[in-house]
Each structure stands twice: as C-alpha cells, then as structure tokens.
2 protein chains.
Amino acid sequence: MPVHEKSETDTVVLREPADSHGIVAGTAHPLDVSDDTAAALKLWVVLSRAQVAVSAHVADDVARHGLTLTEFAILEALYHRGAMLLGEVQRRILVSSGGITFLVDRLVAKGLVERQECPSDRRARYAALTAEGEALIARIFPQHAAMIERVVGALSPEEQAAAASLLKRLGHGAAAAEFSSARGE
Amino acid sequence: MPVHEKSETDTVVLREPADSHGIVAGTAHPLDVSDDTAAALKLWVVLSRAQVAVSAHVADDVARHGLTLTEFAILEALYHRGAMLLGEVQRRILVSSGGITFLVDRLVAKGLVERQECPSDRRARYAALTAEGEALIARIFPQHAAMIERVVGALSPEEQAAAASLLKRLGHGAAAAEFSSARGE
DNA sequence: TATGATATTCTCAGTACTAAGATATATCGA
DNA sequence: TCGATATATCTTAGTACTGAGAATATCATA
C-alpha cells in the first residue's frame, strides 16, 4: 500500500445514502472536516458499533446461564487467575468501587463466589470462586470461547491479531490521554 | 511480517505477570486453548477496553455541556442528516424503542429537539433540532471532533483507517451472526 | 372491504450500574 | 506517638437505560 500523502488543509465531505422513506429533510450539515479528523471520527463510530454488536452476543450467551456480562467477567477472571482482591477485580473489569461490591454481593448470593479475609491488610477482602462457581465456569467457558470465535469470524485469525494489536495501542493511548475537562478546553 | 503457519492443534498458554501484592493464590486455570480461539478472545477483550477508554473521554466531553453520550449522538445525527423518524434515529444510535422515546422526551424538555408529524404515516414522528439545538451542536461539534482526534492519536491516521476497516467488517459480521440462544448450542 | 400481519411509538416496571460520601484501616513523616 | 494523608471496601441515592407489552396506524391479500 502506498503511503498516503497528507495535507493539513485537505477536507472531505462524507455523505450517506438518501433517506429511503422519500421524505428527506435534506442533509443539513454535511461533515466538512479534515481527512485526519474524519478518520478519527469514523474510527470512534465503528469501534462503538463493533463493540455493541459483539457484546450483544456475549451478553446473550451468558444470560442463558443466568449471568450478566460483568458477573461472567468476574467469574472468568477468578477462574483463570485465582482469588483476587476486590480492588484488583475492579480495575480488571472496569467498574466503580460501588459496582464491584454490588456485583460480588450478587455472586455470593448465587453461591458462586465467596469473600475471604486478607491476612496482611484488614481493610481488604479477597474474592474467590466457590466449588460451585468453579464448576459452572469450567463447564460453560469452552462453549463461550467457541461462540466468541464464531462471532468475530468475519476476520481471519491473522486479521484478528492485527486488529487486537491496533486496539491495544488505541486503548492504552486513550486511557493515558488527559481528559478534556481537566484541560480547560 | 511472515505469514503465520497455523495448526488446528496448536495450543498456547497465556500467562499474566504475578500478583504484585505478594499473596498469590496461584494462576488457577491457565488459558489453554487453540491459537485461533486465543486470538478471538484477545480481540474481544481489547475491543471492549478500547471502547471503554475512548467513550470515557467522549462522555466526559459532552457532559461539560450537560449532555449524555446518547443525547449527543442524537443531536449529532440530526445536525448532519436533518430531521429523522424516531425509528431511524433508534436504529442509528442503537437504543431500544423505549429508550428513544425517553431520550427524545429529555431533549425536548431541554428545548434542543422537537417532534414533528409525518404527513405520510400518522404512526410516525420526526425528531428535528430546534434553533437552540442546532446552535448548540454547531458550537460544540468542532472541539468535540478535535478531542476525539486527540484521544485516538496513539494511532496514525493511516492506522486509524486500517483499524476502522477491520472493525467495520467485524461489526457487520457480528451483527449478522446468529445468536447462540437461537441455535440451541 | 374485511382481516390478519406488520410497523411505529409510547408506557411502565425493573435492572445494572455510577457517583459521592462514609467507615475502617494502613502508611509515613515529624 | 500523633496527625495527616492515602487506600479498600461499603452504603445510599440517583441515572440511564432495557424489555415486554399496549395503542394506534398501515399494508397485503382475499
């Protein structure tokens, strides 16, 4: 692929197909931004749509076992890594501190997880799978993985690896970026 | 990059760095799946993390103007495409039918959007920007686009385009895939 | 014109969180 | 030792939705 010659002043007008309903109020304000800005906006849109489309399948799959996406994420993390402090689980699955308390409470009520004291820090608690929780995740994980493989199958494994590599850098970059609200923009 | 020679029976064991807390319950069940399955799982994880990281910035940005992410998405769609039927907006921003009613109600209450009758179908309503809504979105869109460009800046514009292309196919494939719960798996 | 199937929006109850603050514990410097 | 600050979890109130179903209108076909 030839290297794309950039120009700071290039602009592009993105248009979408006309309203098939026949009653078009008109494309009021066509997107009139630089190529680079258009690429960034496009990436944000397709990133969100892809995530929603895939997560709909994952949520549907785990719901068949009476679990939400985040509950399953906790069980999977504990299964593959062993017992973890609540704060570690929280950072790993990206929920608020109140959220992790609520979620672990729910998993405890279901008999899948238990809290354990931390000997070196009395503020902290471990979350650990119960025998029942471990049996459940061991039973459903293989078909769960197969489902994800099927759902992302529009890309070849090599393309999946390439996409993952780009997304990893994208995610790390975004996580490290300063928030607009902290920059007085 | 050389082409990766695949083998159906290859397996990989993914390990993460040991618990820095010093109290490791042990990596209970290392991920022991085929290369292809590992690639799919990895893609799902980094896709979710990247989406969360970017959307945190976008939500933070629009919150400074008193808007949620979905409210902003509606305003932006109406600004760039003109008035749309509620169902069109719903499909575009991917919320439930109850959600779009609720969201448009809220935007109407804020004075940014108004409902208009559809002359050819008396069941349907248009959502259209008010003058105030149009002024707001025209004012904040440029800096919003600049923020997104900054947040996804870990990838070059060419990489952004490559990622967008892969994600578009991924999203379409996932949206077209049959749900597990409909397949009796 | 009936009739059934479909489409569009809306209502309402419920769910899965988030945000801010409270409590208890730990750490560190003076 | 004491105070200040930081950390880990939990509590509570609120928010942004989803999902199921109702009400209404349209369309296709006999």
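If you're wondering where the values come from, they're calculated on a predicted model, not measured in any experiment. Only heavy atoms go into these numbers, but all of them, side chains included; no hydrogens, no water, no symmetry mates.
Through ILVMFWY side-chain contacts below 4.5 Å, Val45(A) is grouped with nothing and stands alone. Here Leu94(A) sits in one hydrophobic cluster together with Val52(B); the rule is ILVMFWY side chains under 4.5 Å apart, joined directly or through other members.
Considering only residues two or more places apart in sequence or on other chains, Arg123(A) meets the salt bridge (Lys or Arg N to Asp or Glu O under 4.0 Å) condition with Asp121(A). With sequence neighbours excluded, no residue forms a salt bridge (Lys or Arg N to Asp or Glu O under 4.0 Å) with Arg125(A). Contacts of Arg150(B) classified as salt bridge (Lys or Arg N to Asp or Glu O under 4.0 Å), with partners at least two apart in sequence or in another chain: Glu185(A). Residues satisfying the salt bridge (Lys or Arg N to Asp or Glu O under 4.0 Å) criterion with Glu114(A), sequence neighbours excluded, are absent altogether. Contacts of Phe102(B) classified as ring-ring contact (aromatic ring centres under 6.0 Å, His included), with partners at least two apart in sequence or in another chain: none.
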Interface polar pairs with nucleotides 23-25 of chain C, N/O, under 3.5 angstrom:
| unit_1 | atom_1 | unit_2 | atom_2 | d |
| --- | --- | --- | --- | --- |
| dT25(C) | O2 | Arg123(A) | NH1 | 3.2 |

Nucleotides 11-18 of chain D: protein proximity per nucleotide (B base, S sugar-phosphate only, - neither; heavy atom, under 4.0 Å): B----SBB
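In this structure, Lys168(B) places its NZ atom where only 12 or fewer heavy-atom neighbours from other residues, nucleotides or ligands lie under 6.0 Å away.
Listed by first and then second residue, the ring pair (Phe, Tyr, Trp, His ring centres under 6.0 Å) pairs involving residues 35-55 of chain B amount to none (not counting sequence neighbours).
Taking atom CZ of residue Arg125(B) and atom P of nucleotide dT26(D), one finds them 11 Å apart after rounding to whole Å. The distance between atom CD of Gln90(A) and atom C1' of dC10(D), rounded to the nearest whole Å, is 12 Å. In this entry the distance linking CG of Leu85(B) with C1' of dC10(C) reads 16 Å, nearest Å. One can place CZ of Arg91(B) at 6 Å from P of dT8(C), the figure rounded to the nearest angstrom.
For the helix from dT1(C)-dA30(D) to dA30(C)-dT1(D), the rotation axes defined at the first and last 5 base pairs enclose an angle of 30°, given to the nearest 10°.
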For residues 133-144 of chain A, please give each side-chain donor-acceptor pair under 3.5 Å, one per line with the distance, not counting sequence neighbours.
| unit_1 | atom_1 | unit_2 | atom_2 | d |
| --- | --- | --- | --- | --- |
| Glu134(A) | OE2 | His29(B) | NE2 | 2.7 |
| His144(A) | ND1 | Asp61(A) | OD2 | 3.0 |

